[in-house]
*Asks:* 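This is the structure I have questions about; it appears just below.
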Amino acid sequence: MNRQPSTRIVIADDHPLFRGALRQAVSHALAGAEVSEVGSLEALTKALAEDGDADLVLLDLTMPGVQGFSGLMFLRADHPEVPVIVVSANDDPTVIRRCIEFGALGFLPKTAEVEQMGEAIRAVLDGSVWTPPGVDLSAPVDVETADMVRRLSTLTPQQVRVLMMLSEGLLNKQIAYELGVSEATVKAHVSAILTKLNVDSRTQAVIAASKIAGTAWATTGASATI
């Protein structure tokens with residue numbers, strides 16, 4: 001008799017105690033699920049590259065390598081086929097809605113009980129969108145914000161990385177070194193980012209991202225030149 005493959009879930013959170021709570025919730029919701037844990041965006045990227053068969057990622061919004069919604073943006077661009085539930089201590093309705101707009105299929109407050117976590121996990125694995133009770137996702141969004149969310153969602157994984165580094169004030173040669181590419185490649189990415197976001201400078205690109213994708217996309221040191 002052929003053995004059915006088990007559900008594979010990746011928990012991405014930099015707090016070991018909360019990873020333990022999420023693992024407990026997964027075990028409660030899905031007996032026999034295979035669970036792996038990572039504590040940074042880099043480790044998550046490596047884990048998904050080594051094992052592309054993950055059925056679900058539980059993603060913390062705040063951990064090393066992540067700024068605002070950048071981790072979610074990167075993950076959705078790099079692995080659009082993998083469902084994501086965002087797990088965060090910030091359960092502001094605006095944050096929840098923004099997560100869904102950027103492609104998450106669920107949002108779990110860190111204050112949720114284990115039973116509720118399990119409910120969310122089962123719902124998303126079944127193809128539904130899950131948010132805490134009482135969160136209204138149908139409220140209208142202003143046109144400018146909706147347009148920038150759409151534009152940010154068109155960035156490739158590498159362009160998201162470049163934009164994150166621009167927000168840190170890194171120069172092209174520094175970005176090139178970090179990514180292991182040429183300065184010409186970085187310039188091409190920056191040009192593409194400016195075009196996709198419909199802005200004229202890298203400073204404007206970082207400011208636009210900070211307004212939409214989280215205040216952690218700081219503008220300090222962003223040069224006005226490509």
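Position 1 is the first residue of the sequence, and the numbers go up from there. Keep in mind the model is a prediction, meaning the values are calculated, not measured. Just so you know, these numbers use all the heavy atoms, side chains as well, and skip hydrogens, waters and symmetry mates.
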*Asks:* Please report the shortest heavy-atom distance between Ile100 and Leu105, naming the atom on each side.
*Replies:*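 Heavy atoms of Ile100 and Leu105 come nearest at CD1-C, 4.3 Å.
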*Asks:* Please examine the side chains of Val160 and His189, heavy atoms only from C-beta on, and report whether any two atoms are closer than 4.5 Å.
*Replies:*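 Counting from C-beta outward, His189 and Val160 never come under 4.5 Å.
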*Asks:* Going by salt bridge (charged side-chain N to carboxylate O under 4.0 Å, His left out), name the pairs with one or both residues in residues 124-133, residues two or more places apart or in two chains.
*Replies:* none
*Asks:* When rounded to the nearest 0.5 angstrom, what is the spacing between OG in Ser88 and CZ in Phe69?
*Replies:*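 Reported value, rounded in 0.5 Å steps: 8.0 Å.
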*Asks:* If I take atom CG from residue Leu194 and atom OG1 from residue Thr203, how far apart are they, to the nearest 0.5 angstrom?
*Replies:*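 Between Leu194 CG and Thr203 OG1, I get 10.0 Å after rounding to 0.5 Å.
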*Asks:* Could you report the tightest heavy-atom contact between Ala54 and Leu48, atom names first, then the distance?
*Replies:* CB-CD2, 3.8 Å
*Asks:* Would Arg76 and Phe102 count as a cation-pi pair here, with the cationic atom under 6.0 angstrom from the ring centre and within 45° of the axis?
*Replies:*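 Relative to the ring axis of Phe102, which defines the angle, Arg76 lies outside at least one limit.
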*Asks:* So do the side chains of Glu183 and Lys187 get within less than 4.5 Å of each other, counting heavy atoms only?
*Replies:* no
*Asks:* To the closest 0.5 Å, what do you measure between CE (Met164) and OG (Ser70)?
*Replies:* 4.0 Å
*Asks:* Taking it one step at a time, do Glu101 and Arg97 satisfy side-chain contact (heavy atoms from CB on, under 4.5 Å)?
*Replies:* CA-CA 6 Å; Glu101 290 167 356; Arg97 288 185 54 188; 4.2 Å; yes
*Asks:* Could you report the tightest heavy-atom contact between Ala29 and Gly118, atom names first, then the distance?
*Replies:*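 Shortest heavy-atom separation between Ala29 and Gly118 comes out as CB-CA, 3.5 Å.
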*Asks:* Measure from the side-chain N and O atoms of Gln159 to the backbone N and O of Thr156, and report whether any donor-acceptor pair falls under 3.5 Å.
*Replies:*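 Answer holds: yes.
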*Asks:* Within this structure, what is the CG-CG distance for the pair Leu72 and Leu41, rounded to the nearest 0.5 Å?
*Replies:* 11.0 Å
*Asks:* Is any side-chain heavy atom of Glu50 closer than 4.5 Å to one of Lys46?
*Replies:* yes
*Asks:* By the salt bridge (charged side-chain N to carboxylate O under 4.0 Å, His left out) test, which pairs, at least two apart or in different chains, include something from residues 109-119?
*Replies:*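 Every pair satisfying salt bridge (charged side-chain N to carboxylate O under 4.0 Å, His left out) with a residue in residues 109-119: Asp13-Lys110, Asp60-Lys110.
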*Asks:* Going hydrophobic residue to hydrophobic residue with side-chain gaps under 4.5 angstrom, can you get from Trp130 over to Val135?
*Replies:*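 Result: yes, single cluster for both.
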*Asks:* Looking only at atom types and distance, does a side-chain atom of Thr185 sit under 3.5 Å from a main-chain N or O of Val181, one as donor and one as acceptor?
*Replies:*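 No, Thr185 side chain to Val181 backbone: no donor-acceptor pair under 3.5 Å.
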*Asks:* Is Glu37 paired with Arg19 through a side-chain N to carboxylate O contact shorter than 4.0 Å?
*Replies:*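 Glu37 and Arg19: salt-bridged.
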*Asks:* Would you say Leu56 and Val82 make side-chain contact, with heavy atoms under 4.5 Å?
*Replies:* no
*Asks:* The test is side-chain contact (heavy atoms from CB on, under 4.5 Å); show your working for Asp91 and Val95 and say whether it passes.
*Replies:* CA-CA 7 Å; Asp91 58 356; Val95 171; over 6 Å; no
*Asks:* If you define the side chain from C-beta out and look only at heavy atoms, does anything of Arg202 sit under 4.5 Å from Asn172?
*Replies:*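 A side-chain contact exists here, since the closest heavy-atom pair is under 4.5 Å.
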*Asks:* Looking only at atom types and distance, does a side-chain atom of Gln204 sit under 3.5 Å from a main-chain N or O of Asp200, one as donor and one as acceptor?
*Replies:* yes
*Asks:* State yes or no: do Val114 and Phe18 share one hydrophobic cluster built from I, L, V, M, F, W and Y residues joined by side-chain heavy-atom distances below 4.5 Å, directly or via other members?
*Replies:*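 Not linked; separate clusters.
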*Asks:* Using a 6.0 Å cut-off, check whether atom CD of Gln174 has over 12 heavy atoms from anything other than its own residue.
*Replies:* yes
*Asks:* Within a strict 4.5 Å, meaning less than it, do heavy atoms of the Leu61 and Asn90 side chains meet?
*Replies:* no
*Asks:* Is any side-chain heavy atom of Leu152 less than 4.5 Å from a side-chain heavy atom of Leu163?
*Replies:* yes
*Asks:* Donor-acceptor pair, Arg8 side chain versus Asp53 backbone, under 3.5 Å?
*Replies:* no
*Asks:* If I compare all heavy atoms of Ile11 with all of Arg23, which pair ends up nearest, and what's the gap?
*Replies:* CD1-N, 3.5 Å
*Asks:* Could you walk me through whether Val57 and Ile9 satisfy the side-chain contact (heavy atoms from CB on, under 4.5 Å) test, starting with their C-alpha distance in whole Å, then the side-chain angles of each, then the deciding distance to 0.1 Å, before giving a yes or no?
*Replies:* CA-CA 6 Å; Val57 171; Ile9 295 178; over 6 Å; no
*Asks:* On a heavy-atom basis, which atom in Val26 and which in Ala33 lie closest, and how many Å separate them?
*Replies:* CG1-CB, 3.9 Å
*Asks:* Which heavy atom of Asp55 sits nearest to which heavy atom of Leu125, and what is that distance?
*Replies:* O-CD2, 3.7 Å
*Asks:* Evaluate the side-chain contact (heavy atoms from CB on, under 4.5 Å) criterion for residues Val86 and Leu108: first the C-alpha distance (whole Å), next the side-chain angles of each, then the deciding distance (0.1 Å), finally the verdict.
*Replies:* CA-CA 6 Å; Val86 167; Leu108 263 175; over 6 Å; no
*Asks:* Any chance you could measure Leu197, atom CG, to Met148, atom CE, to the nearest 0.5 Å?
*Replies:*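 Spacing of CG (Leu197) from CE (Met148) equals 5.5 Å.
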*Asks:* Which value, rounded to the nearest 0.5 Å, describes the distance between Leu179 atom CG and Arg161 atom CZ?
*Replies:* 7.0 Å
*Asks:* Under a 4.5 Å cut-off applied to non-hydrogen side-chain atoms, are Val87 and Leu59 in contact?
*Replies:*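 With C-beta onward as the side chain, the pair stays apart.
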